[in-house]
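Okay, so here's the structure we're looking at.
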2 protein chains.
Amino acid sequence: MLRPPPLLLLLTRCSAAARRFLSASRQGQGQGRAVGSVLKTPKGTRDHPPAQAALRERLLGTVVACFKRHGAAAIDTPVLELRETLMGKYGDNAKLIYELQDQGGELLALRYDLTVPFARYLAMNKITNIKRYHVAKVYRRDNPATTRGRYREFYQCDFDIAGQFDPMLPDAECLRIVYEILSDLQLGDFLIKVNDRRILNGVLAVCGIPESKFITTCSTIDKLDKVPWEDVKNEMVGEKGLSPEAADRIGEYVQLHGGLDLIEQLLQDPKLSQNKLAKEGLGDMKLLFEYLTLFGITGKISFDLSLARGLDYYTGVIYEAVLLQQQNDHVEDPVSIGSVAGGGRYDGLVGMFDPKGRKVPCVGVSIGIERIFSILEQRVEASEEKIRTTETQVLVASAQKKLLEERLKLISELWDAGIKAEILYKKNPKLLNQLQYCEETGIPLVAIVGEQELKDGVVKLRDVATREEVNIRRENLIEEIRMRTSQL
Amino acid sequence: MLRPPPLLLLLTRCSAAARRFLSASRQGQGQGRAVGSVLKTPKGTRDHPPAQAALRERLLGTVVACFKRHGAAAIDTPVLELRETLMGKYGDNAKLIYELQDQGGELLALRYDLTVPFARYLAMNKITNIKRYHVAKVYRRDNPATTRGRYREFYQCDFDIAGQFDPMLPDAECLRIVYEILSDLQLGDFLIKVNDRRILNGVLAVCGIPESKFITTCSTIDKLDKVPWEDVKNEMVGEKGLSPEAADRIGEYVQLHGGLDLIEQLLQDPKLSQNKLAKEGLGDMKLLFEYLTLFGITGKISFDLSLARGLDYYTGVIYEAVLLQQQNDHVEDPVSIGSVAGGGRYDGLVGMFDPKGRKVPCVGVSIGIERIFSILEQRVEASEEKIRTTETQVLVASAQKKLLEERLKLISELWDAGIKAEILYKKNPKLLNQLQYCEETGIPLVAIVGEQELKDGVVKLRDVATREEVNIRRENLIEEIRMRTSQL
């Protein structure tokens with residue numbers, strides 16, 4: 001692929017100190033270092049110091065570039081929503097919603113995700129057709145494992161397509177987007193599992209499960225990626241009250257995974273092919289796989305009947321991407337990071353907000369940016385790589401005293417020309433200190449003014465890496481800096 | 001200046017419908033259009049539909065580009081802070097802080113600005129030296145005039161320099177940044193007023209005002225930019241309990257504004273030159289003006305003794321930028337927009353968080369992005385300009401039926417190459433509908449596949465604006481699209 005350079009190539013070598021800093025700030029989440037209890041961020045939240053903020057900016061940049069490549073527009077909604085907007089949308093998880101104190105006026109809460117505000121936005125503005133992305137923070141009063149990249153305040157990166165279209169075309173594009181983002185980020189091998197709520201419901205129906213037990217049975221099925229079938233069966237029988245025979249019948253289906261062959265096989269299945277919902281779902285799944293073949297991405301896709309996903313609002317295709325075992329020997333402590341993207345079709349959510357219940361079919365995907373971020377963070381720590389936190393192209397320096405005026409004049413010219421430039425905030429800084437500052441912060445060039453250079457109408461331009469110095473005529477300086485830093 | 005193209009040049013022609021939409025969404029803040037009361041955003045907040053989100057992205061892009069040009073690193077801090085972190089920092093305004101409900105655990109609040117969290121971050125991590133920017137939302141339970149671009153949830157764009165440096169060098173750079181941003185945004189003529197808290201305190205001291213009345217007197221002085229001196233004097237005497245003579249003495253000073261001449265004059269002032277604080281402030285002001293002269297920006301700077309600024313934490317130089325009367329005849333209803341940037345030196349705030357009271361001198365500037373945004377919004381509405389909400393370079397289309405497969409194959413190739421491309425989500429879309437979609441959304445190119453083109457190994461590339469069509473060999477298509485859209 002000829003897309004923007006991969007993220008990790010943008011990193012350069014890193015000092016041990018910088019790595020320690022990154023590491024300390026990751027472990028010390030929510031705590032000051034050696035001071036009283038007051039000096040901390042709230043539980044489950046963290047500051048992002050410059051190295052982390054820069055890494056995150058690049059990561060989000062890659063994700064947003066993909067969303068834009070697919071023609072999405074940005075929208076923004078408030079962090080605050082009316083409590084009633086959020087209530088009744090998250091089932092048991094409603095207890096995790098942060099509520100604001102009643103200080104008079106409306107009762108407010110912090111958004112729990114970006115999907116419900118998106119549905120509220122569509123209904124409120126009677127929008128029936130939009131392709132949008134939204135990158136923003138959401139809030140959950142969870143007890144998250146911060147070491148695994150889970151927080152109470154975290155970013156979500158959502159892409160959704162709303163509107164009535166020909167079947168599976170937007171759904172296929174969402175899967176293509178997951179594929180592109182995970183490829184662009186070079187996180188290692190991955191697999192995108194795909195299923196359909198209608199197929200799952202059909203399976204349960206033909207296995208004789210009453211509809212009242214569909215949801216609870218699904219949540220047990222969903223564990224098949226972590227525990228063996230025997231444990232799942234035991235839970236179905238012991239906790240969910242299914243008969244062993246019914247559980248076995250389910251087991252025959254949900255342990256299946258594959259591609260077009262499996263879809264064809266199930267379309268011929270004597271029981272399943274009699275179920276209207278399952279047949280619809282399988283027909284659409286077949287169409288989806290045809291489109292994914294044309295998109296050239298079926299190698300990373302698995303039709304997996306055990307995928308159920310938690311949220312109630314899905315009505316059709318669902319999917320989830322997982323990273324496969326890292327082959328990267330940089331990483332000393334490989335952690336289980338599980339799902340890094342997920343989504344599906346939710347055709348009923350907007351209708352919940354519309355006063356007349358008008359539906360707007362939607363399909364979308366959410367990129368699990370925090371987990372991906374913690375993987376990248378770990379890689380940086382484990383490697384000799386350093387993330388530059390600034391983009392400064394040149395430091396304006398002097399070798400002798402009493403040249404502050406000349407430095408200020410020169411840097412002004414550079415800023416006027418759009419060059420990213422800094423000076424040390426000292427009247428008479430030592431040249432050594434100025435060069436050291438460049439080494440520490442990764443500034444590639446130094447423009448040195450001195451008595452002789454001023455007389456000669458030149459500036460000495462030093463390459464920090466090679467230590468080569470060359471006199472450049474003042475009128476050519478800007479062009480020279482641009483040329484030398486254009487490939488950085 | 002040779003910097004990135006100015007914001008408004010990026011705008012293209014706009015349909016009446018799009019303008020009505022922008023307009024409606026601006027006026028309808030916090031409200032759905034014709035539905036029940038539940039379908040709204042919280043009071044004082046608003047959604048940003050795509051056109052606004054795109055405008056804001058460009059505006060923030062210009063501001064952040066300037067911060068980066070000056071070597072700033074990004075940091076991020078949580079939207080939530082411990083209540084005790086915010087308490088005692090905002091004086092009377094503490095009542096405007098949003099508090100979270102006590103749901104067990106820590107007592108939390110939403111941040112009120114970015115400066116206090118920055119100081120908390122510095123003290124918590126014992127950072128004594130950093131140049132950082134932070135662009136993020138803050139929250140105030142105010143009763144804002146949303147029509148004037150004031151909201152309860154709004155963006156702040158802050159740039160701050162923390163550390164012990166030679167006097168006035170970081171301060172001068174902050175003013176240069178305000179100058180660059182307001183120039184780059186082409187908002188019209190502007191003026192940056194500068195004063196120093198020490199000079200103001202010195203003036204009050206030599207006029208015989210007791211220290212206990214400094215703050216309240218300053219808040220009266222601050223009104224001099226809106227009301228005549230007589231009204232200010234009346235408030236001083238009537239409400240603040242100053243003698244008419246003392247008020248007159250103050251009046252002789254605070255009505256002064258000028259440049260280096262005025263500084264020199266005040267340095268010779270028999271009374272003021274005897275006051276230690278005032279003398280220090282005037283000495284620094286002189287140095288500041290020398291640096292601003294070297295930066296070439298004194299034409300937009302006014303040393304103005306009436307500038308006081310509200311916040312308690314300023315300790316030295318303070319400044320505020322105001323837009324001058326718009327000459328732009330596009331704008332039908334010019335609104336008073338007042339201050340669009342402000343800041344100053346606050347050397348004591350970090351020490352309030354440090355357990356040992358260690359001080360970290362800081363100076364910074366905050367760009368009033370919401371007011372600037374509402375000015376730009378108004379200009380877009382008043383003009384025929386339209387903001388493109390997507391960046392799609394090419395629509396992959398077909399002129400005949402049964403070419404969905406070919407469209408999907410071609411768009412896959414384009415995405416692989418990093419081209420921003422869309423298709424209509426229909427199996428057999430009409431060519432007219434595909435062309436209309438390009439017109440509506442501003443897509444400049446259409447790549448048309450047809451039976452004949454497939455046989456000939458070409459794609460018909462259509463320029464939407466000129467309607468010219470030319471056959472491009474398939475292997476040259478990506479290069480051709482890149483070339484044609486590189487200057488967009």
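Chain identifiers are assigned alphabetically (A, B, ...) following the order of the sequence lines, protein sequences preceding nucleic acid strands; residue numbering begins at 1 within each chain.
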> Tell me, side chain or backbone of Leu395(A) under 4.5 Å from chain B's heavy atoms, or both, or neither?
Replying inline: neither
>> When you measure from the side chain of Glu153(A) to the backbone of Val79(B), do you find a donor-acceptor pair of N or O atoms at a distance under 3.5 Å?
In response: yes
>> Please check this pair: side chain of Asp166(A) against backbone of Lys427(B), looking for a donor-acceptor N/O pair closer than 3.5 Å.
In response: yes
> Measuring heavy-atom distances to chain B, does Ile177(A) have an atom under 4.5 Å in its side chain, in its backbone, in both, or in neither?
Replying inline: neither
>> Please identify, among Lys426(B), Lys409(B), Glu290(B), the residue contributing the most non-hydrogen atom pairs under 4.5 Å to chain A.
In response: Lys426(B)
> How about Arg120(A) and Thr41(B): does a side-chain donor come under 3.5 Å of a side-chain acceptor?
Replying inline: no
> Which one, Met168(B), Glu405(B), Glu422(B), leads in non-hydrogen pairs under 4.5 Å with chain A?
Replying inline: Glu422(B)
>> Under a 4.5 Å cutoff for heavy-atom pairs, which residue among Ile443(B), Thr392(B), Ile75(B), Ile478(B) has the most contacts with chain A?
In response: Ile75(B)
> If you measure from the Lys or Arg side-chain nitrogens to the Asp or Glu carboxylate oxygens, is any gap between Asp416(A) and Arg176(B) under 4.0 Å?
Replying inline: yes
> Checking side chain to side chain contact (heavy atoms under 4.5 Å, CB included) against Leu294(B), which of Leu410(A), Leu404(A), Leu408(A) comes through?
Replying inline: Leu408(A)
> Is the backbone N or O of Gly71(A) less than 3.5 Å from a side-chain atom of Glu391(B), with the two atoms forming a donor-acceptor pair by type?
Replying inline: no
> Between Arg46(B) and Asp76(A), is the closest basic N to carboxylate O distance under 4.0 Å?
Replying inline: no
> Which bit of Leu414(A) is near chain B, if near means a heavy-atom gap under 4.5 Å: side chain, backbone, both or neither?
Replying inline: neither
> For Asp47(B) and Pro78(A), which heavy atoms make the closest approach, and how far apart are they?
Replying inline: OD1-CD, 3.2 Å
> So which heavy atom on Lys137(A) is nearest to which on Thr77(B), and how close?
Replying inline: NZ-O, 3.3 Å
> What residue, out of Ile411(B), Leu169(B), Leu424(B), Leu108(B), has the most heavy-atom pairs lying under 4.5 Å from chain A?
Replying inline: Leu169(B)
>> For Leu107(B), which atoms come within 4.5 Å of any heavy atom of chain A: side chain, backbone, both, or neither?
In response: neither
> Under a 4.5 Å heavy-atom cut-off, does chain B meet the side chain of Arg83(A), its backbone, both or neither?
Replying inline: side chain
> Considering all heavy atoms of both residues, which atom of Leu39(B) and which atom of Pro355(A) are nearest to each other, and what is their separation?
Replying inline: CD2-CD, 4.4 Å
> In terms of heavy-atom pairs under 4.5 Å, which option from Glu173(B), Glu413(B), Glu81(B) contacts chain A the most?
Replying inline: Glu173(B)
> Which atom pair, heavy atoms only, marks the closest approach of Glu99(A) to Gln103(B)?
Replying inline: N-OE1, 3.2 Å
> Can Glu57(B) and Lys68(A) be counted as an ion pair, charged N to O under 4.0 angstrom?
Replying inline: yes
> Which answer fits Tyr133(A), side chain, backbone, both or neither, if we ask what part of it has an atom under 4.5 Å from a heavy atom of chain B?
Replying inline: side chain
> Side chain, backbone, both or neither: which part of Ile297(A) has an atom under 4.5 Å from a heavy atom of chain B?
Replying inline: neither
> Which one of Lys356(B), Lys131(B), Arg56(B) has the most heavy-atom pairs closer than 4.5 Å to chain A?
Replying inline: Lys131(B)
> Which answer fits Ala54(A), side chain, backbone, both or neither, if we ask what part of it has an atom under 4.5 Å from a heavy atom of chain B?
Replying inline: neither
>> Between Ile130(A) and Pro50(B), is there a side-chain heavy-atom distance shorter than 4.5 Å?
In response: yes
> Under 30°, 30 to 60°, or over 60°: which ring-plane class applies to Phe165(B) and Tyr425(A), parallel, tilted or perpendicular?
Replying inline: perpendicular
>> Could you measure the distance from the NZ atom of Lys40(A) to the CG atom of Leu82(B)? Nearest 0.5 Å is fine.
In response: 5.5 Å
>> Nearest 0.5 Å, please: how far is OH in Tyr179(B) from OG in Ser412(A)?
In response: 9.0 Å
> So which of Ile161(A), Thr441(A), Asp102(A), Thr85(A) has the largest heavy-atom pair count under 4.5 angstrom toward chain B?
Replying inline: Ile161(A)
> Looking at CZ of Arg69(A) and CH2 of Trp415(B), how far apart are the two atoms once the value is rounded to the nearest 0.5 Å?
Replying inline: 9.5 Å
> Minimum heavy-atom separation for Ala74(B) to Ala53(A), with atom names?
Replying inline: O-CB, 3.3 Å
> Where on Tyr139(B) is there a heavy atom nearer than 4.5 Å to chain A: the side chain, the backbone, both, or neither?
Replying inline: side chain
